[in-house]
2 protein chains.
Amino acid sequence: MISKTYSISELAAEFDVTTRSIRFYEDQGLLHPSRRGQTRIYSSKDRVRLKLILRGKRLGFSLAETRELFDLWDDSLSGSEKQLQLLLKTINGKRAELEQQLKDIAMVQLELDNAESRCLEALSELESKKQMTAE
Amino acid sequence: MISKTYSISELAAEFDVTTRSIRFYEDQGLLHPSRRGQTRIYSSKDRVRLKLILRGKRLGFSLAETRELFDLWDDSLSGSEKQLQLLLKTINGKRAELEQQLKDIAMVQLELDNAESRCLEALSELESKKQMTAE
DNA sequence: GTGACACTTTACGTTAACGTAAACTTCATT
DNA sequence: AATGAAGTTTACGTTAACGTAAAGTGTCAC
């Protein structure tokens, strides 16, 4: 069974990034596509990685951070206890970050709600004034 | 009643940022402390703004984005209907961003859970091997 | 009045994450 | 055979968000 592969521009189109960016991610050690001649060929694993990279970006992870996570994960396959312990620690670190972000998001959502209310109030205020002058 | 004020280094210490950063935020139009001579004096409103700036940063907002939000909010005080409508639109745009982030966080949390499981499994695998050789 | 700090401005340096241009190669079409 | 589309490498340019060094001002303790 031959699993699906992708060209660089296919991935670029699918995830709405430039080919330049994808090559850059490879340059930074985040992707390792195979090659036919000098043309890059991306596997579905590469595709997943790209998805993870972009998800990380949306959460404010730097490429270096994401790369470290990838490396840790790959290293953990070696099975060394030390690597595994380190990976566990990193995982829990990230978890803490995410929890902080959840708190932050909740706060900002409250502020947005608040802002919207005031905004709508100010608008209805304006409307009633319009009515006044119309009468 | 005179409300509390803060020096630049007080704020820097409280929020664990450099004074350089705080001055930079002012330079970018995000803060507008008053002055006694040439020394900056921060009000509690300034303090709130700084808190918002940092919260935004943790969520991956650029300083420019946060600044736009501040400006929109300030402009909305003028009460012009156009400003208010624009503010409403922007608020809902940010809300959408936050929802995407919530989804992203949920996904990453799942991946972390998954990774941790595999990791723990690999560790217990190692442990049982240790037992074997000990016997 | 003189350190010793805390504050200030000015300005050049740095890193991350690409953008962009130049100059190829490969391959499919006309 | 030539044109065009998609791929490639190399390399310099750019923006954001500060770091860092230099040089000066204000004021409080001694």
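Order of the sequence lines sets the chain letters (A, B, ...), proteins ahead of strands, with each chain counted from 1. Computed from a predicted structure; not experimentally measured.
Residues that satisfy the side chain to side chain contact (heavy atoms under 4.5 Å, CB included) test with A/Ser9, not counting sequence neighbours, are A/Ser7. With sequence neighbours left out, the side chain to side chain contact (heavy atoms under 4.5 Å, CB included) criterion links B/Arg49 to B/Leu31, B/His32, B/Phe70, B/Asp74.
Every pair passing salt bridge (Lys or Arg N to Asp or Glu O under 4.0 Å) that includes a residue from residues 56-69 of chain A is listed here, sequence neighbours excluded: A/Arg58-B/Asp104, A/Glu65-A/Lys94, A/Arg67-A/Asp71. The salt bridge (Lys or Arg N to Asp or Glu O under 4.0 Å) pairs that include a residue from residues 5-17 of chain B are B/Glu14-B/Arg47, where partners are two or more places apart or lie in different chains.
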Please tabulate the protein-to-nucleotide N/O contacts below 3.5 Å involving nucleotides 16-23 of chain C, giving atom names and distances.
from, atom 1, to, atom 2, distance (Å)
C/dA17, OP1, A/Leu63, N, 2.9
C/dC18, OP1, A/Lys57, NZ, 3.0
C/dC18, OP2, A/Tyr25, OH, 2.9
C/dC18, OP2, A/Lys57, NZ, 2.6
C/dG19, OP2, A/Thr18, OG1, 2.8
C/dG19, N7, A/Arg20, NE, 3.2
C/dG19, O6, A/Arg20, NH2, 2.9
C/dT20, O4, A/Arg20, NE, 2.9

Original post:
Could you run down nucleotides 3-9 of chain D 5' to 3' and tag each one B, S or - for protein heavy-atom contact under 4.0 Å?
Top reply: ---SSBB
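Only one option out of A/Thr66, A/Asp46, A/Leu54 pairs with A/Tyr25 in a side chain to side chain contact (heavy atoms under 4.5 Å, CB included); it is A/Leu54.
Here the side chains of A/Tyr42 and A/Lys4 are not in contact, with every heavy-atom distance at 4.5 Å or above. Using a 4.5 Å cut-off on side-chain heavy atoms (C-beta onward), B/Leu86 and B/Thr90 make contact.
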